[in-house]
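Fair warning: this is a prediction, and the values are worked out from it, not measured in the lab. Each chain gets a letter, A, B and so on, in the order the sequences are listed, and its residues count up from 1.
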Protein chains: 2
Amino acid sequence: MERGALLDLRSAAPDREVVEALLERPGVRIERIVSTGQASPAAAWYDQPGDEWVALLAGRAALRFTDGALLNLAPGDWVLIPARVRHRVEATSADPPCVWLAVHLDPAS
Amino acid sequence: MERGALLDLRSAAPDREVVEALLERPGVRIERIVSTGQASPAAAWYDQPGDEWVALLAGRAALRFTDGALLNLAPGDWVLIPARVRHRVEATSADPPCVWLAVHLDPAS
């Protein structure tokens, strides 16, 4: 049976984000992401065709939206980012590293 | 934008499990479950038509499978329980309460 440990930080890399697909099915993908201080490049926005349900499980992070809103996230905080709502990762803590759990949903076909 | 706090324990109830649907879409349902010492009734087994990806985010818990295997879970541990793999919740901690995040996947149609 497939299993893993979301909070195991041995995969943390100080110089880059580590993205790991935990489950991929038609219409849904569960990802674990470990960030260590990275942010989206200036003026780079995620603009996704499907909804994303994302939770921060460890660390501190902030998401920025195009209307200027800043969403600060603490461990356990989740947000549903609707398709086409542009957003960027404004900041992630390096110590402790950020652990994200993201569920990407394909657009309804 | 819909949001919430997975680790907010104000919804914990000492006498029962609290199940909250965080997202429902065709083929996928994300649930948060807070357990406070409950276990599956004796000889009661979950036998689900679809796969379940489940993570324990807080507390301690144990899952039992019909081959006798016991899977102890600590915070951050996740497991993919395939469809029709019968299992029961053997134990959950009350202090601290258990917070589960479950992603239920419909059987491929």
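Heavy-atom pairs under 4.5 Å with chain B were tallied for A:Ala69, A:Ala5, A:Gly27, A:Pro82; the largest tally goes to A:Ala5. Of the listed residues A:Leu56, A:Val28, A:Leu22, the one with more heavy-atom pairs under 4.5 angstrom with chain B than any other is A:Leu22. Put simply, of A:Val99, A:Ile81, A:Leu71, A:Leu73, the one with the most heavy-atom pairs under 4.5 Å next to chain B is A:Leu71.
The parts of B:Trp78 that come within reach of chain A are both its backbone and its side chain, each placing non-hydrogen atoms under 4.5 angstrom from that chain. Interface residue B:Leu101: only side-chain heavy atoms are found under 4.5 Å from chain A. Interface remark: A:Asp51 contributes side-chain atoms only to the contact with chain B (heavy atom separation under 4.5 Å). Only the side chain of B:Ala55 comes within less than 4.5 Å of a heavy atom in chain A; its backbone stays farther off. At a 4.5 Å heavy-atom cutoff, B:Val54 makes no contact with chain A through either its backbone or its side chain. Residue contact with chain A, scored on non-hydrogen atoms closer than 4.5 Å, is absent for B:Pro26.
The hydrophobic cluster containing A:Leu80 does not contain A:Phe65, counting ILVMFWY residues as joined when their side-chain heavy atoms lie under 4.5 angstrom apart, directly or transitively.
For the pair A:Gly76 and B:Leu7, the tightest heavy-atom approach, listed with the atom from each and the gap, is CA-CG, 3.8 Å. Between A:Val85 and B:Met1 the shortest heavy-atom distance is CG1-CE, 4.0 Å.
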